[in-house]
Protein chains: 2
Amino acid sequence: MAKPAGKADRTPRGRLSREEVLSTAITLADKGGIESLTMRRLGDELGVEAMSLYNHVANKEDLLNAMVDAVFSEIDLPSHSEGWKTSMRKRSISFRAALSRHPWATGLTDSGTNPGPATLRHHDRVIGTFRNAGFSVAMAAHAFSALDSYIYGFAMQEKSLPFTTEEETAAMAQIMLAQLPANEYPYLAELTADHVLKPGYNYGDEFPLGLDLILDGLERWLTSAAR
Amino acid sequence: MAKPAGKADRTPRGRLSREEVLSTAITLADKGGIESLTMRRLGDELGVEAMSLYNHVANKEDLLNAMVDAVFSEIDLPSHSEGWKTSMRKRSISFRAALSRHPWATGLTDSGTNPGPATLRHHDRVIGTFRNAGFSVAMAAHAFSALDSYIYGFAMQEKSLPFTTEEETAAMAQIMLAQLPANEYPYLAELTADHVLKPGYNYGDEFPLGLDLILDGLERWLTSAAR
DNA sequence: CATCATAAGCTTACGACGTAAGGAGATCTC
DNA sequence: GAGATCTCCTTACGTCGTAAGCTTATGATG
């Protein structure tokens with residue numbers, strides 16, 4: 001009686017905004033993986049037809065790029081004031097945490113082609129932190145490459161694991177161990193049995209070990225001056 | 001006259017084999033990127049309808065998993081006899097080269113869920129090399145995680161660069177530098193101008209620097225004994 | 001308040017995609 | 001030489017991103 005026409009069950013809302021589209025897309029991808037994010041489902045979630053999304057987004061690639069930039073905006077920037085090593089450690093941990101919250105972002109490599117403002121700012125601040133600490137331009141580039149390769153790669157390995165919680169890990173490792181021909185892959189079997197299946201194991205805990213290894217290495221580069 | 005019926009322009013060949021399907025799929029993905037690999041195109045390339053591929057492959061995921069395993073089979077295994085550091089250095093370089101030849105493999109993370117035999121053998125030999133060198137099980141796990149995260153991440157960054165050759169790099173960097181608001185991202189601008197645009201720059205050259213940083217760090221872990 | 005351009009939504013449609021179902025012909029086994 | 005099996009084909013379905021064009025709500029201008 002009140003509503004004259006149109007879709008019945010559409011949640012009444014003001015107009016859509018790009019931000020709303022973006023954040024819903026991120027939620028969807030977080031929940032069901034990037035392959036579950038389709039324009040139609042995203043539209044559904046927003047109470048709108050798929051084609052209406054194109055009023056706020058040029059195409060799907062534009063959407064994905066913006067999503068990646070949103071992830072970068074969640075990362076704590078290194079502060080120039082705090083000592084390069086601690087502040088770089090913090091931002092690295094924050095970076096990994098962001099990729100862990102949004103695993104789909106790790107594989108969205110096309111965003112390298114045209115990075116958004118948050119991505120650029122992030123990179124600029126990281127390089128700036130190295131430069132201010134006394135790294136030469138070349139050394140800063142090497143440090144940036146080494147450190148971020150590690151972070152990205154770690155996130156990718158983490159994402160590719162078929163388990164998340166400790167219980168899942170244990171269950172999965174049990175199964176894999178049982179399937180694994182132990183005499184053909186003895187070291188893999190040993191590692192699974194004696195390390196992965198130890199109570200309290202969590203792959204994520206490996207992160208700071210490699211991180212500190214690299215940071216210590218970078219510090220050595222720095223103090224050994226010339227390069 | 002000779003041929004009684006059927007498709008005219010089909011290259012006469014014996015029956016298809018899984019190996020043939022696999023290697024053609026890899027060639028296709030190498031040439032046009034993973035998104036250009038569709039069942040229909042792969043069929044075309046082999047002179048066969050898309051559906052015929054399902055005689056040799058369970059589904060596309062099976063195909064992709066097998067492709068990743070094929071990439072792993074290209075990597076030089078570390079030899080137990082040679083000293084862990086040099087042999088691990090060799091296999092790391094070989095690993096990166098393989099991912100560089102087949103960039104699509106870097107993103108195919110689902111293969112972590114059920115790795116093929118070449119992948120398992122590779123992992124087993126890597127872990128075995130650490131163990132034989134005196135790493136404890138836990139240290140071997142840490143070393144494996146740190147090193148392979150770096151390699152994977154490096155490959156991913158390399159893949160995401162919008163250029164390959166030195167000329168492309170220079171051209172692209174010029175453009176990006178021109179577009180970049182230099183006062184907003186001063187360190188990025190500096191790095192581009194003074195490092196990337198230097199003649200002879202090639203991002204791939206960064207790889208051994210980070211690699212040696214990690215290997216040296218692992219060696220220090222090893223010699224500092226307990227952990 | 002009336003008009004009307006613009007923006008934001010909807011409908012329909014197209015050409016890809018992966019693959020289910022089932023049929024036809026070749027090849028192998030006994 | 002008969003039957004089973006394997007390989008390939010045709011057809012079809014549901015889903016995807018998105019082009020084209022329509023309708024309606026908004027908000028500025030007279």
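Numbered from 1 within each chain, the chains take letters A, B, ... in sequence-line order. All values below come from the heavy atoms of this structure, side chains included, with hydrogens, waters and symmetry mates left out.
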Query - With Arg91(A) via side-chain hydrogen bond (donor to acceptor under 3.5 Å, both in side chains) - residues at least two apart - result: His122(A), Asp148(A)

Report summary line: Closest of dC10(C), dA8(C), dC8(D) to the Asn55(B) side chain is dC8(D)

Query raised in the report: Below 6.0 angstrom between ring centroids: does that apply to Phe95(B) and Phe72(B)?
Result: yes

Query raised in the report: Roughly how many Å is it from CD in Glu49(B) to P in dA24(C), rounded to a whole number?
Result: 17 Å

Query raised in the report: Any idea how Tyr203(A) and Phe154(A) line up, ring-wise: parallel (<30°), tilted (30 to 60°), or perpendicular (>60°)?
Result: parallel

Report task. Verify the contact: side-chain N or O of His56(A) to OP1 or OP2 of dG9(C), cut-off strictly under 4.0 Å; return yes or no. Result -> yes

Requested in this report: Please report, rounded to the nearest Å, how far the P atom of dT26(D) is from the CG atom of Leu16(A).
Outcome: 14 Å

Report summary line: In 5'-to-3' order, the base (B), backbone-only (S) or no-contact (-) status of each nucleotide in nucleotides 14-21 of chain C, using a 4.0 angstrom heavy-atom cut-off, is ---BBBBB

Query raised in the report: Around Lys90(A), counting heavy atoms of other residues, nucleotides and ligands shown, do more than 12 lie under 6.0 Å from its NZ?
Result: no

Report task. Tell me whether the OP1 or OP2 atom of dA8(C) has a side-chain N or O from Ser52(A) closer than 4.0 Å. Result -> no

**Report entry** Min side-chain heavy-atom separation Thr129(B)-Tyr187(A) under 4.5 Å
**Finding:** no

Report task. Test Leu16(A) against Asn55(A) for side chain to side chain contact (heavy atoms under 4.5 Å, CB included), laying out the working first. Result -> CA-CA 9 Å; Leu16(A) 226 43; Asn55(A) 286 303; over 6 Å; no

Report summary line: Rounded to whole Å, the CZ-P distance (Arg15(B) to dT27(C)) equals 7 Å

Query raised in the report: To the nearest angstrom, how far is Leu53(A) atom CG from dC16(D) atom C1'?
Result: 14 Å

